[in-house]
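Shown next, in structure tokens, is the structure this report addresses.
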Amino acid sequence: MRAELSIVIPTLNAESTLPALAAGLMEGVQAGLIRELVVSDGGSDDNTCRIAEDLGALIVEGPPSRGGQLRRGADATQGTWLLFLHSESDLPTGW
């Protein structure tokens, strides 16, 4: 059975924070908890989308708007459960 948790991360120029969050999510990937990672980008002009691509994330794009980005990200998921995280989130070990 595939994992049921989808992670949605709204981003805008998050190249400096996205890698650390991704590292924290690896624990959940290794435990088989995470089905997918969706990055909902609001028009970044840095390397945010390339980093997300390298992570294997599904990238959805649209205008910058926190609510709109969350909605677009949620609409793109396939999991039963959604976890919305800001790119600055710092997940503790064992989250």
Side-chain angles (χ1 to χ4, degrees):
M1 178 179 196
R2 288 194 69 183
E4 296 186 28
L5 180 63
S6 295
I7 307 291
V8 178
I9 304 171
T11 59
L12 182 61
N13 296 327
E15 73 178 359
S16 66
T17 56
L18 192 55
L21 175 57
L25 289 171
M26 287 303 114
E27 185 178 349
V29 170
Q30 292 169 348
L33 298 174
I34 298 174
R35 178 185 185 107
E36 63 195 339
L37 173 61
V38 177
V39 170
S40 183
D41 191 68
S44 294
D45 59 10
D46 63 1
N47 290 315
T48 297
C49 290
R50 184 191 57 77
I51 293 167
E53 219 172 70
D54 290 348
L55 293 170
L58 170 64
I59 302 166
V60 294
E61 298 178 89
S65 155
R66 188 70 65 181
Q69 287 176 250
L70 293 173
R71 186 172 32 264
R72 281 190 298 277
D75 288 346
T77 64
Q78 297 179 18
T80 303
W81 295 94
L82 304 180
L83 176 58
F84 296 94
L85 294 171
H86 294 285
S87 66
E88 307 85 18
S89 298
D90 183 20
L91 298 174
T93 302
W95 61 268

Would a single hydrophobic cluster contain both Leu18 and Val60, if residues Ile, Leu, Val, Met, Phe, Trp and Tyr are joined by side-chain heavy-atom contacts under 4.5 Å?
no
Among the clusters formed by ILVMFWY side chains lying less than 4.5 Å apart, do Val8 and Leu55 turn up in the same one?
no
Regarding Glu88 and Thr17, do their side chains bring together a donor and an acceptor under 3.5 Å, going by distance alone?
no
Among residues at least two apart in sequence or on other chains, which ones pass side chain to side chain donor-acceptor pair (under 3.5 Å) with Arg71?
none
Do Gln78 and Arg35 pass the side-chain contact (heavy atoms from CB on, under 4.5 Å) test, and can you show the C-alpha distance, the side-chain angles, and the key distance before you say yes or no?
CA-CA 8 Å; Gln78 297 179 18; Arg35 178 185 185 107; 3.5 Å; yes
Taking side chain to side chain donor-acceptor pair (under 3.5 Å) as the definition, give me every residue that meets it alongside Ser44, ordered by chain and number, with sequence neighbours left out.
Asp41
To the nearest 0.5 Å, how far apart are CD1 in Ile34 and CD in Glu4?
13.5 Å
Group every Ile, Leu, Val, Met, Phe, Trp and Tyr by side-chain heavy-atom contacts under 4.5 Å, then state whether Leu25 and Leu58 land in the same group.
no
For the CG atom of Leu21 and the CG atom of Asp90, what is their distance to the nearest 0.5 Å?
9.0 Å
Starting from Leu85, can I reach Leu70 by hopping between I/L/V/M/F/W/Y residues whose side chains sit under 4.5 Å apart?
no
Can you name the side-chain contact (heavy atoms from CB on, under 4.5 Å) partners of Pro19, sequence neighbours left out?
Ile51
For residues 58-68, the side-chain hydrogen bond (donor to acceptor under 3.5 Å, both in side chains) pairs (sequence neighbours left out) are Arg66-His86
Considering all heavy atoms of both residues, which atom of Arg72 and which atom of Ser40 are nearest to each other, and what is their separation?
CB-OG, 4.0 Å
Closest approach of Ser87 and Thr11, non-hydrogen atoms and distance?
CB-CG2, 4.3 Å
Contacts of Ala74 meeting side-chain contact (heavy atoms from CB on, under 4.5 Å) (sequence neighbours excluded), chain-then-number -> Leu82, Phe84
Are Leu12 and Ile59 linked, directly or through other ILVMFWY residues, by side chains that come within less than 4.5 angstrom of each other?
no
For residues 47-58, which residue pairs qualify under side-chain hydrogen bond (donor to acceptor under 3.5 Å, both in side chains), counting only residues two or more places apart or in two chains?
Glu15-Asn47, Asp46-Thr48, Arg50-Asp54
Report, as yes or no, whether the 6.0 Å neighbourhood of atom CH2 on Trp81 holds more than 12 heavy atoms from other residues, nucleotides or ligands.
no
Can you confirm whether Thr77 sits close enough to Glu36 that some side-chain heavy atom of one is under 4.5 Å from a side-chain heavy atom of the other?
yes
